[in-house]
Structure formats: structure tokens, C-alpha cells
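Structure first, commentary second.
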Amino acid sequence: MNKRHALIAAALVSVASVAAASPSMSASAKAEQEKCFGIAKAGHNDCAAPNGAHSCAGQAKADNAPGEWKYVAKGTCEKAGGKLAAPAK
């Protein structure tokens, strides 16, 4: 393996170890966020739909669907036109 390959391999190992060690959102960051329903753009929701339409992030089919949500900074959801509670099933 030449120096270039060794450097690339070392960089990849370093990035992979950092990604594995850090959670997607720290507890303190999550405490400063709230779920905001109805503001997610298609394909940019943060997690599962409460009505069971899908179970993963990034699967919203339409912009601003009432059952799709994103995390936003506390106190900004309703200002952005969203709702803090999931719509009734």
C-alpha cells in the first residue's frame, strides 16, 4: 500500500469511529428541541408518521402533511405554522 492509500484508509477509519461514537442527537440538544407537526417538506421528515404510514425519516410524501414532523428549536414551532400535537388518527 502506498502512502496515499494509507492516508485515505486512516482518514476513513477516523471518520467511521467518530460517527459510531456520537449519537444522532445528544440529550442536551434534544432537550432544546420539540416535535413540530405539519412543517416537514416531502422527504425531509425526522421520523415515523404517527398514523403508521411509514416508519423512517425522510419518507414524507408531501410538503407540510399534518402527520409529518421535524425537530425544531423550542418555542419556534407554532411561529413557523406547525402544531405541537400530532393530528387525531
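We count residues from 1, following the sequence as given.
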Checking Lys35 now: which residues fulfil salt bridge (Lys or Arg N to Asp or Glu O under 4.0 Å) with it, not counting sequence neighbours?
none

Where is the tightest heavy-atom contact between [X] and [Y], given as atom of each residue plus distance?
{"X": "Tyr71", "Y": "Asp46", "answer": "N-OD2, 2.5 Å"}
{"X": "Ser55", "Y": "Ala48", "answer": "CA-CB, 3.6 Å"}
{"X": "Asn64", "Y": "Ile39", "answer": "OD1-O, 3.4 Å"}
{"X": "Gly82", "Y": "Cys36", "answer": "CA-SG, 3.7 Å"}
{"X": "Phe37", "Y": "Pro50", "answer": "CE2-CG, 3.9 Å"}

Is it true that His54 and Glu68 share a donor-acceptor pair across their side chains at a distance under 3.5 Å?
yes

If I take atom NZ from residue Lys83 and atom CD from residue Glu78, how far apart are they, to the nearest 0.5 angstrom?
8.0 Å

Spacing of NZ belonging to Lys70 relative to SG belonging to Cys47, to within rounding of 0.5 Å:
11.5 Å

How about NZ on Lys41, more than 12 heavy atoms from neighbouring residues, nucleotides or ligands closer than 6.0 Å, or not?
yes

Between Asn45 (side chain) and Trp69 (backbone), is there a donor-acceptor pair under 3.5 Å?
no

Just by modelled atom types, is the Gly75 backbone N or O under 3.5 Å from a matching donor or acceptor in the Glu34 side chain?
yes

